[in-house]
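This chain uses plain numbering: 1 for the first residue, then up along the sequence. These values consider heavy atoms only, across backbone and side chains, with no hydrogens, waters or symmetry-generated copies.
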Amino acid sequence: MIDGFQGEELNEESVALTMKHFPGGGARENVFDPHYKEGKWNVYRTEGSLEKYHLPPFVEAAKHNPSSIMPYYSAPSIEKSHYQSFDGKLIPFEEVSAWRSTNTF
C-alpha cells in the first residue's frame with residue numbers, strides 16, 4: 001500500500017502515508033483511551049505478545065519508508081505485562097509514552 005501511494009520517492013504525484021500508531025499502541029488496559037489518565041498503560045498479558053503480534057506489522061511497513069510514524073500517548077507497563085526473561089526476571093525498560101520515546105532523538 002505504501003509503495004502504491006507514495007511511489008519510489010515522494011513527489012507531486014505521491015500521497016504521503018503515515019504509520020499509525022506507534023508499535024504496541026493498541027493493547028490498552030481496560031480498553032481506556034490513552035488521551036486520558038485512565039488509559040495510560042499498554043498491557044501485554046500474553047508472553048511475547050509485543051514481539052509476536054504488535055511489532056511485526058510495523059517492522060514490515062517501515063521497510064517501505066512511510067513518510068511518518070504517528071506516536072501515541074500510552075506507555076508500556078512492566079508490572080501489568082508479561083515482560084520476563086528466560087530466567088524469570090523482569091526485563092527492565094523505561095515506562096514512557098510512545099510520544100516521548102519518539103521525540104527524544
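- Nearest heavy-atom pair across Met70 and Thr18 is N-CG2, 3.7 Å.
- For the residue pair Ser67 and Ala16, the shortest heavy atom distance occurs at OG-CB, 3.4 Å.
- A donor-acceptor pair is defined here as one N or O able to donate and one able to accept, closer than 3.5 Å; no such pair exists between the side chain of Glu38 and the backbone of Asn30.
- Shown here are the side-chain hydrogen bond (donor to acceptor under 3.5 Å, both in side chains) partners of Asn11, two or more places apart in sequence or in another chain: Ser14.
- Hydrophobic cluster membership for Val15: Met1, Ile2, Phe5, Leu17 (Ile, Leu, Val, Met, Phe, Trp, Tyr linked by side-chain heavy atoms under 4.5 Å, directly or transitively).
- For residues 5-14, there are no salt bridge (Lys or Arg N to Asp or Glu O under 4.0 Å) pairs, not counting sequence neighbours.
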